[in-house]
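We number each residue from 1, following the sequence as shown. Remember, it's a predicted structure, so these values are computed and weren't measured experimentally.
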Amino acid sequence: MLNRAIVEGSALAVLALAVGLVWVRERRAARPESDGGYTTREEIEFEIGRVQSEVYRWLTTTDHRDIGLLYIFFGTAAGLWGGVDAMMLRTELLTPPADIWTPETYNALFTTHGLTMLIFFVLPVFFGIGNYVLPLLIGADDMAFPRVNAVGFWLLPPALILVRMGLLIQVLGQVLNLMLPAEAIRFFLTMREVSVGWTLYAPLSVQQPNPQIDLLLLGLHLSGIATTVGAINFITTVVYERGEGVTWANLDIFSWNMVVTSGIALFAFPLLGSALVMLLLDRNLGTAFFATEGGGAILWQHLFWFWGHPEVYILFLPATGLMSLILPKFVGRKLFGYQFIVYSTLGLGVLSFGVWAHHMFTTSADPRVKLSFMAVSIAIAVPSAIKVFNWITTMWEGDIRLTAPFILCAGGIGTFIVGGVTGVFLAVIPIDILYHGTYYVVGHFHLIVVGIIPFLMIAASYYWYPLITGRWYDTRLARFQSLLIVFGSFVTFMTLLVIGGLGLPRRQAIYPPEYQFAQQIATVGGYVIGLSALLWLYNMLVSYWRGTPVTTTDPWGLKATNQFTREWQWFERRMVEKYDVEPTEPETTRRSYAPEGEPTGLAGGVGTVAQTVSRNAWMAAAGGFVGTVLMSGGLGTAILIGVLDPVSFGEIAELVGLPASPALGAVLFLVGGTVTWPLLFLAFSEYLPGRLLFETGLVFATLISSGFAIAFYTGQSGLAFVGYLTFVVVSHWAYGIGLTVTFQYLKSDEALRNRGGSDG
């Protein structure tokens, strides 16, 4: 067995040394001695003084761009550390027995890998990107609370050290053991990384005596405070620091996502902090929050996942914001469905708090509670799908430029579709019970957290590299690296989906020999991901010194498609003022699909979010009510002639916990028809075929009639079945006609009143 502390410590040391050597070499190559001779003592002293000055500046800066870079550097370092954990995990799985690391070391690796990546890699990097570009995007001078912003960042390094202190102490113990007897340094030799799993499930996390668990809990608590502070700053900045002309209706999509992300964090992280304190008290002061006589082990699961699932969206939403911001730049079209992407983001923010118990379908929770969580977990796929449809539609007939950011955007959409669809299956209780605890779950969530999230981080680094550094990166290497990481991700995680579907359990260092070849394929894919990460790092470092300087104020040619957004306008002003560069003007500009600028949506008009939501809601309710009333005539006739059994309406009432009464079910059906389906029609209408609203409504009605036909089928056959299907389709067409005619009337009426008001 290999010694983990030595191997991981050496790997990190080699990585840090390589980065340092590349940095020093490139810097020296970029600044040759003017006389071609040796470096003098005075020059060395000057260099040391300059380094001291730079260190002091970075330790005390409150500038949002500096803090943003600090976040990004810190998150990248943590990501590399967590990535080394992942490579060690995959190395162990090359062979069926645990012959490289012990099972305990394997458990510690996936514990620290998960916590490092989720807490200290993804969120700090997104906070860094947000710190750098968000004030530029909204026309603000800085973040709302610059000093608090700096404090929020500087809480993170000690938090990471506390969480990973077990490994640091182990490495120190190995070094000291070369000089001192083992008895004198027993503490250093007995300290271990936590191996209870990244979910820290009780009672194991309460009962295990390893003192590193206490340090880990303190570190996580500290990181939660840092995240909460950062979230408050983002919300306040967007609410109060927006520049002139920046309203909620034209706020860029990345800032929208950062606001919603911060809102989720504001509710989720304080709860995690409370749960961590309760766990600390159970471990050290004998309280019984998670003991059998108290709340029990399942209480920890409720608290943990109430934070844990919103955390997924805290990590995911900034990536979707970057996707919605960057993708249109490389397809030459404005983002399709801006309004609905904003709604979907808000919807995900709300629904993310209603799905936590789907992680607990295999526990003894009440089946009725599980059922409600299953429904919400399936429903959350709708706003996610809206984003995907918008991205694909944005690319439709676009003028695509095959750059590294576009490759990563397209790859991110692909991994998210596969990861999202496989997640819908896990939202269904019987399927989740079947696949819970298998590699299927690992494949599903890694397609998202390794797919779209790092892809968009890297895409953002390429997209804004000229703006941040004033230089170009190696574009050919970047395209190769982008293809490599997309390829590696699909190879690795699709393989895990397959072996998970075959039933291979996860979180085990030892597995049956028949899965060895598949595990080796997944490991090779993992190595490809690791290699692509190193290539990205090399490109970023070397290009900082050797990259071709940017000589234009519009490096990506965004003016040609009317997408020269505020951060690039800031860049242009700086290039003009600092380097006396002439502003770049395109020879031609291409018409966007929305030439008037702001999307109006089906219900029309652009106002504040509250105005738009209220207008859409009441129009949807009116249209839905009229449509449902018209539909009821057809369904009533079907019941009278005996081709539709009213008992099926009773099943609707039973599904939500009410008595199986057809009358109650009919009322629920009416409410659903009035509220749910019109809102879905509003969300999807832009994607449905039909040049006229009337045609689009019929397409929508036909689609939803298939769901009705399946849900309300009660065993009809022969002519009764034909009659049942006929009445279902005809009734839904009546619904579609009522819905769209009402919409059209209200829209025309509103336009007429607005015109009358403006004329007057």
Side-chain angles (χ1 to χ4, degrees), residues 118 122 253 256-257 259-268 271 301-302 304-321 323-324 337 339-361 365 368-392 412-413 415-433 435-436 440-441 443-449 451-453 613 655-656 672 675-684 687 704 707:
L118 291 177
V122 179
I253 204 72
W256 263 114
N257 278 270
V259 168
V260 176
T261 300
S262 301
I264 301 173
L266 214 54
F267 287 97
L271 182 130
Q301 293 193 35
H302 277 299
F304 181 84
W305 288 115
F306 188 81
W307 162 81
H309 205 86
E311 166 71 1
V312 173
Y313 292 93
I314 290 171
L315 308 179
F316 167 67
L317 285 179
T320 66
M323 175 78 81
S324 301
Q339 202 171 35
F340 295 112
I341 285 203
V342 172
Y343 290 156
S344 69
T345 304
L346 293 169
L348 285 171
V350 174
L351 290 174
S352 67
F353 285 98
V355 296
W356 83 86
H358 77 222
H359 294 274
M360 301 162 61
F361 282 164
R368 290 168 297 184
V369 174
K370 291 180 186 176
L371 199 63
S372 63
F373 278 97
M374 182 180 81
V376 181
S377 300
I378 294 173
I380 206 168
V382 174
S384 305
I386 289 173
K387 289 181 181 296
V388 173
F389 288 139
N390 274 283
W391 296 333
I392 293 174
I413 293 172
T415 55
F416 179 60
I417 288 174
V418 179
V421 170
T422 52
V424 174
F425 292 114
L426 289 175
V428 180
I429 295 173
I431 299 177
D432 181 77
I433 291 173
Y435 290 131
H436 188 86
Y440 181 90
V441 180
H444 150 66
F445 73 76
H446 274 83
L447 278 165
I448 296 172
V449 299
I452 185 170
I453 294 172
V613 168
L655 189 65
V656 296
V675 177
T676 307
W677 295 114
L679 289 175
L680 276 179
F681 177 62
L682 278 174
F684 284 104
Y687 315 111
I704 62 174

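Between Ile380 atom CD1 and Leu348 atom CG the span is 5.5 Å, to the nearest 0.5 Å. From His302, atom NE2 reaches atom NE2 of His359 across 12.5 Å, with rounding to the nearest 0.5 Å. His436 NE2 to Ile431 CD1: the interatomic distance, rounded to the nearest 0.5 Å, is 15.0 Å. Note that the CZ atom of Phe340 and the CG atom of Asn390 stand 8.5 Å from one another [nearest 0.5 Å]. In this structure, CG on Leu346 lies 5.5 Å from CH2 on Trp256, to the nearest 0.5 angstrom. The distance from the OH atom of Tyr343 to the CG atom of Leu679 is 10.0 Å, given to the nearest 0.5 Å.
For the pair Lys387 and Thr345, the minimum side-chain heavy-atom distance is below 4.5 Å. Side chains of Ile704 and Leu680 form no contact here, defined as non-hydrogen atoms less than 4.5 Å apart. Side-chain contact between Tyr440 and Phe425: present, with at least one pair of heavy atoms (C-beta onward) separated by less than 4.5 Å. Put simply, the side chain of Met323 reaches to within 4.5 Å of the side chain of Ile413, judged on heavy atoms. Ile341 places a side-chain heavy atom less than 4.5 Å from the side chain of Ile253.
Residues Phe267 and Gly263 approach most closely at CD1-O, 3.2 Å, considering heavy atoms. The two residues Leu351 and Val355 make their nearest non-hydrogen contact at O-CG1, 3.6 Å. Contact record, Gly420 with Ile448: N-CD1, 4.2 Å, taken as the closest heavy-atom pair. The two residues Gln301 and Met360 make their nearest non-hydrogen contact at OE1-CG, 3.7 Å. Residues Gly423 and His444 come closest through the heavy atom pair CA-CE1, 3.2 Å. Minimum interatomic distance between Gly349 and Ser352 (heavy atoms only, all atoms of both residues): O-OG, 2.9 Å.
Annotation: ring pair (Phe, Tyr, Trp, His ring centres under 6.0 Å) contacts of Phe353 (sequence neighbours excluded): Phe306.
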Evaluation steps, side-chain contact (heavy atoms from CB on, under 4.5 Å), between Leu317 and Ile264: CA-CA 10 Å; Leu317 285 179; Ile264 301 173; 3.8 Å; yes
Would you sort out whether Phe304 and Trp356 count as a ring pair (Phe, Tyr, Trp, His ring centres under 6.0 Å), showing the intermediate values? CA-CA 9 Å; Phe304 181 84; Trp356 83 86; over 10 Å; no
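Proximity of a side-chain donor or acceptor of Ser324 to a complementary backbone N or O of Gly321 within less than 3.5 Å is not detected.
Applying the 6.0 Å contact sphere to CZ of Phe445 captures more than 12 heavy atoms from other residues, nucleotides or ligands.
In this structure, Tyr313 and Phe316 have perpendicular ring planes: the angle between them is above 60°, well past the 30° mark.
A donor atom on one side chain and an acceptor atom on the other are found under 3.5 Å apart for Thr320 and Asn257.
Screening Leu447, Val388, Thr422, Ile452 against Ile417 for a side-chain contact (heavy atoms from CB on, under 4.5 Å) leaves a single residue, Val388.
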